[in-house]
Every structure is written in structure tokens, then in C-alpha cells.
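These figures come from a predicted structure and were not determined experimentally.
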Amino acid sequence: MRIIHDGSQFSGRQAVVALGMFDGVHIGHQALIRRAVALADALDAQSVVCTFDRHPLSVLCPERAPAPLLPLHENLKKFERLGAEWALVQAFTPEYGATPPEVFLRRLTAELRVAAIVVGENYTFGAGGRGDAALVRSLAPALGYRAVIVPPVMDGDVMCSSTHIRSLLARGETEHAQRLLMIAEDAI
């Protein structure tokens with residue numbers, strides 16, 4: 001897997017992009033990345049996982065920033081195990097956080113020659129978190145990509161999320177949390 005830090009460094013023909021923070025790469029994240037990898041194969045494109053070098057809240061609101069579930073280098077290893085060909089690790093700065101979501105999508109689609117964007121239903125991005133899955137879907141025709149919205153993966157009756165895993169860890173349910181963070185070998 002190639003790791004880049006700017007979209008202009010992408011040299012692939014076209015990209016299917018998985019967008020998210022991907023902290024810990026839990027089973028919900030894995031479903032999204034697998035979907036992007038499979039779609040890239042089907043479209044003769046390359047799979048790119050886009051994430052950040054740190055949690056956005058660590059820059060925007062440090063007192064509310066959660067501790068990372070895994071360090072970035074471990075998350076990158078998981079991306080590769082899931083079949084991603086590229087990882088775009090964007091430095092999250094206050095300026096980057098102020099980017100309007102429409103500008104972010106226009107820049108991303110141009111730099112990566114995006115064939116498809118894969119996001120979770122609850123994905124938010126851009127200045128003030130104003131961008132969401134609905135915006136990704138609504139801009140798809142104008143920007144020339146296919147939008148794929150992945151439904152949440154459930155852990156019983158709770159949506160699997162990094163917040164859910166942190167809650168499990170806080171309650172001492174480490175084995176349960178570890179199961180949600182494991183990559184099932186038979187699914188690769």
C-alpha cells in the first residue's frame with residue numbers, strides 16, 4: 001500500500017475513495033473499506049482510504065478530543081490487510097478544518113480522479129461538520145462520481161462506532177472491544 005499526504009501525490013488512474021476518521025478500524029470501518037476495495041476492483045480503479053493524521057477534535061476542541069483507539073501506523077496496517085492500495089493521510093490543521101465541504105469534495109474528486117466515494121451513513125466532514133452522506137450523494141452527478149452510502153454495522157442493538165468501543169473499554173469490557181477491532185481473516 002502506498003501512503004501519501006496530499007491528493008496531488010496520487011498517480012493511479014482513478015480512485016474509489018473510502019472517507020472517514022477510521023480510528024481503530026473497527027468492524028464498521030472494515031465493512032466500508034471492504035466495500036471500497038471491491039468496488040475499485042469492479043471499476044478497474046484503485047482503492048484509496050482517506051483519513052487524518054490525528055483526530056479532528058484534537059485540533060478543533062482539544063478538551064473534547066478522545067484518546068486514539070490505535071496509533072495511526074496500526075490503522076495503516078489494517079487498511080493494507082483489508083486490501084487498500086493507497087492511504088491518503090491528510091494533516092488536520094485549523095485551516096483544513098475550515099474547508100467548506102463542497103470545496104473539499106471538488107478538490108478530492110479532481111486530485112484523485114474519483115470514480116466513487118464510499119462513506120458511512122453517519123459520516124460528517126468539512127467546516128462545522130456541515131458535510132454529510134446526503135451531500136456526498138447530492139454532488140455525485142455534478143462531480144462525476146458514484147456515491148455509495150454504507151449502513152451502520154450493529155453490535156447487537158448498538159451501532160458499532162469508535163465511541164461505542166471507548167464505552168466498552170471504560171466499562172472494562174476489553175474482550176468485547178477487541179472482538180469489534182479484530183479483522184476476520186475469512187472476510188479478507
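Under the side-chain contact (heavy atoms from CB on, under 4.5 Å) criterion, Ala177 pairs with Ile165, Leu168, Leu169, sequence neighbours left out. Here Glu173 pairs with Arg171 under the side chain to side chain donor-acceptor pair (under 3.5 Å) rule; sequence neighbours left out. Considering only residues two or more places apart in sequence or on other chains, Arg64 meets the side chain to side chain donor-acceptor pair (under 3.5 Å) condition with none of them. With sequence neighbours excluded, the residues that form a side chain to side chain donor-acceptor pair (under 3.5 Å) with Thr93 are Glu95. Every residue meeting the side-chain contact (heavy atoms from CB on, under 4.5 Å) condition with Pro71, not counting sequence neighbours, appears here in chain and number order: His73, Glu74. Judged as a side chain to side chain donor-acceptor pair (under 3.5 Å), and not counting sequence neighbours, the contacts of Gln46 are Trp86. Every side-chain contact (heavy atoms from CB on, under 4.5 Å) that Pro66 has, sequence neighbours left out, goes to His55, Leu57, Arg166.
Between atom CG of residue Leu32 and atom CD1 of residue Ile149 there is a gap of 9.0 Å, rounded to the nearest 0.5 Å. Here the OG1-CZ distance, from Thr51 to Phe92, works out to 11.0 Å after rounding to the nearest 0.5 Å. Rounded to the nearest 0.5 angstrom, Leu69 CG and Leu180 CG are separated by 10.5 Å. To the nearest 0.5 Å, the span separating CG on Leu70 from CG on Leu181 amounts to 6.0 Å. Rounding to the nearest 0.5 Å gives a distance of 8.5 Å between NE2 of His29 and CZ of Phe79.
The two residues Ala15 and Val48 make their nearest non-hydrogen contact at CB-CG2, 3.7 Å. The nearest pair of heavy atoms linking Gly24 to Lys78 is O-NZ, 2.8 Å. Across Phe52 and Leu72, no two heavy atoms sit closer than the pair O-CD1, 4.1 Å. Val16 and Ala40 make their closest contact through CG2-CA, 3.5 Å (heavy atoms, listed as atom of the first residue, atom of the second, distance).
Judged by distance alone, the side chain of Arg113 and the main-chain N or O of Arg13 form a donor-acceptor pair under 3.5 Å. When atom types are taken as modelled, the side chain of Arg34 and the backbone of Leu82 share no donor-acceptor pair closer than 3.5 angstrom. Distance alone, capped at 3.5 Å, is enough to place a donor-acceptor pair between the Ser47 side chain and the Glu85 backbone.
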Self-check item: Audit row: Gln14, Leu43, side chain to side chain contact (heavy atoms under 4.5 Å, CB included) steps and yes/no
Solution: CA-CA 9 Å; Gln14 271 195 313; Leu43 296 177; 5.8 Å; no
Distance-only criterion, 3.5 Å: show the donor-acceptor pairs between side-chain atoms of residues 151-158 and protein atoms not counting sequence neighbours.
residue	atom	partner	partner atom	Å
Asp155	OD1	His176	NE2	3.2
Asp155	OD2	His164	NE2	2.7
Asp155	OD2	His176	NE2	2.7

Per-pair distances, 0.1 Å, donor-acceptor, side chain in residues 99-109, under 3.5 Å, sequence neighbours excluded:
residue	atom	partner	partner atom	Å
Thr99	OG1	Tyr96	O	2.9
Thr109	OG1	Leu105	O	2.9
Thr109	OG1	Arg106	O	3.0

For residues 115-135, tabulate all N or O donor-acceptor pairs below 3.5 Å that involve a side-chain atom, not counting sequence neighbours.
residue	atom	partner	partner atom	Å
Arg130	NH1	Ala127	O	3.3
Asp132	OD1	Ala134	N	3.2
Asp132	OD1	Leu135	N	2.9

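Proximity of Cys50 to Gln90: side-chain heavy atoms (C-beta onward) are nowhere separated by under 4.5 Å. Counting heavy atoms from C-beta on, the side chains of Asn75 and Phe22 never come closer than 4.5 Å. Side-chain contact between Lys77 and Ile183 is absent, with no heavy-atom pair separated by less than 4.5 Å. You'll find the side chain of Leu88 stays beyond 4.5 Å of the side chain of Val17, heavy atoms only.
In the hydrophobic cluster analysis, where Ile, Leu, Val, Met, Phe, Trp and Tyr join through side-chain heavy atoms closer than 4.5 angstrom, Ile4 is grouped apart from Val49. If you chain together hydrophobic residues whose side chains sit under 4.5 Å apart, Leu143 and Phe10 fall into the same group. Clustering ILVMFWY residues whenever any of their side-chain heavy atoms sit less than 4.5 angstrom apart, transitively, puts Ile33 in the very cluster that holds Val89. When the side chains of ILVMFWY residues are joined at heavy-atom separations under 4.5 Å, either directly or via intervening members, Val150 and Met21 end up in two distinct hydrophobic clusters.
Within the structure, every pair that satisfies the side-chain hydrogen bond (donor to acceptor under 3.5 Å, both in side chains) test and touches residues 2-12, not counting sequence neighbours, is listed here: Arg2-Ser11, Asp6-Ser8.
Counted within 6.0 Å of CZ on Arg146, heavy atoms from surrounding residues, nucleotides or ligands total 12 or fewer; the atom is thus considered open.
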